[in-house]
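Bear in mind that the values here come from a model prediction, so they are computed numbers and not experimental data.
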Amino acid sequence: MSKISDRSAALAQIEGLIRDVPDFPKPGIIFKDITPLLGDAKGFALAIDLMAADLGHLKPEYIVGTESRGFIFGAALAYELGAGFIPVRKPGKLPAAVHSCEYDLEYGTDAVEVHRDALQHGARTLIVDDLLATGGTARATGELLRRLGADLLGYAFLIELAFLNGRQQMADAPVQSLIIIE
């Protein structure tokens, strides 16, 4: 993990690599597009380094990433922290027996699934995703981990849209966001 001497400059660089796409996936939604950040090697490394610096003290055994952008940040963070990675997928994508949980999005409904044997009871887990909006996906992922008997250490996000109050959905564990948009 690289040393970051100026956190504010690093955050400004990361924020500058996230673009707004209006009216996607439907009118009235402003989509936070992280693909420019992912395509910039230094910016992506800064994001992972900052998240690892903020979360490393938790010493998770597993990072749980939600499909699909949570896989990107979750897998990189798991590598950086020396943890395993557990994917939480959309329905029908996992080959073995699963637990499933439905949730509401800001623009519809969906569900997530995890393998029933993904974790041991009491495993120290951290949920990671790119964006916290209304909190439905994260809450559903937390519910899946509770069904597995995991010890949920917290939730971590690259971006939080605070005006949508998604954090309220996650009263069961601390929430850490790198970039908070009021």
Answer with yes or no whether the hydrophobic clustering places V128 together with F44; edges join I, L, V, M, F, W, Y residues whose side-chain heavy atoms lie under 4.5 Å apart.
yes
Of all heavy-atom pairs linking V112 and A140, the shortest is CG2-CB, 3.8 Å
Run the salt bridge (charged side-chain N to carboxylate O under 4.0 Å, His left out) check on E67 and R89 step by step: do they pass?
CA-CA 5 Å; E67 188 167 338; R89 308 258 355 234; 2.7 Å; yes
Any L131 side-chain heavy atom under 4.5 Å of T137 side chain:
no
For the residue pair M170 and G135, what are the closest heavy atoms and their distance?
CE-CA, 4.2 Å
Linked, directly or transitively: Y103 and V98 (ILVMFWY side chains, under 4.5 Å):
no
List, by chain and then residue number, the residues other than I30 in its hydrophobic cluster (Ile/Leu/Val/Met/Phe/Trp/Tyr, side-chain heavy atoms under 4.5 Å); write none if there are no others.
none
Q169 backbone acceptor or donor facing R139 side chain under 3.5 Å:
no
Is the side chain of D40 donor-acceptor paired with the backbone N or O of G43 at a distance under 3.5 Å, no angle test?
yes
Quick check for you: to the nearest 0.5 Å, what is the distance between I127 atom CD1 and T66 atom OG1?
8.0 Å
Under the side-chain contact (heavy atoms from CB on, under 4.5 Å) rule, what do E61 and I86 come out as? Steps first, then yes or no, please.
CA-CA 10 Å; E61 295 174 272; I86 305 296; over 6 Å; no
Is any side-chain heavy atom of R167 less than 4.5 Å from a side-chain heavy atom of S177?
yes
Linking I/L/V/M/F/W/Y whenever any side-chain heavy atoms sit under 4.5 Å apart, do Y79 and L153 land together?
no
Find the distance between CD (E160) and NZ (K32) and round it off to the nearest 0.5 Å.
13.0 Å
Given side chains that start at C-beta, do those of I63 and L81 come closer than 4.5 Å, heavy atoms only?
yes
Are the side chains of R69 and I34 in contact, using a 4.5 Å heavy-atom criterion?
yes
Under a 3.5 Å distance rule, please check whether R124 uses its side chain to pair with a backbone N or O of L58 as donor and acceptor.
yes
What closest approach, in Å, do D151 and G122 show between heavy atoms, and which atom pair accounts for it?
CB-O, 3.8 Å
dist D130:CG -> L178:CG (nearest 0.5 Å) comes out at 12.0 Å
Quick test of your reading of the model: are K42 and D49 salt-bridged, counting only N-O distances below 4.0 Å?
no
Please report the shortest heavy-atom distance between Y155 and A138, naming the atom on each side.
CE2-O, 3.4 Å
Let's go through I181 and I159 carefully: what are the C-alpha distance in whole Å and the side-chain angles of both, what is the deciding distance for side-chain contact (heavy atoms from CB on, under 4.5 Å) to 0.1 Å, and is it a yes or a no?
CA-CA 7 Å; I181 299 171; I159 304 165; 3.8 Å; yes
I72 CD1 to D129 CG distance, which is reported to the nearest 0.5 Å:
10.0 Å
Atom CD in E143, atom CG in L148: separation rounded to 0.5 Å?
10.0 Å
Pairs involving residues 90-101, ordered by first then second residue, that meet side chain to side chain donor-acceptor pair (under 3.5 Å) (sequence neighbours left out)
none
Evaluate the side-chain proximity of L11 to L50: yes if any heavy-atom separation is below 4.5 Å, no if none is.
yes
Between T125 (side chain) and Y62 (backbone), is there a donor-acceptor pair under 3.5 Å?
no
I'd like to know whether C101 forms a side-chain contact (heavy atoms from CB on, under 4.5 Å) with R147, so could you lay out the CA-CA distance, the side-chain angles of the two residues, the decisive distance to 0.1 Å, and finally the verdict.
CA-CA 10 Å; C101 187; R147 290 180 195 170; 4.1 Å; yes
Are T35 and R19 close enough that some pair of their side-chain heavy atoms sits under 4.5 Å apart?
yes
Quick one: closest heavy-atom pair of P91 and D110, and the distance?
CD-OD1, 4.3 Å
Transitive ILVMFWY side-chain link L37 to I180, under 4.5 Å:
no
Close side-chain approach of F73 to M51, heavy-atom, < 4.5 Å:
yes
Side chain to side chain, Q176 and L126, heavy atoms closer than 4.5 Å
no
L94 and H115: which non-hydrogen atoms are nearest, and at how many Å?
CB-NE2, 3.4 Å
For the pair L152 and D172, evaluate side-chain contact (heavy atoms from CB on, under 4.5 Å) and give the outcome as yes or no after the intermediate values.
CA-CA 8 Å; L152 178 55; D172 58 338; 3.5 Å; yes
Distance col, row I14:CD1 vs L46:CG, nearest 0.5 angstrom, shows 5.0 Å
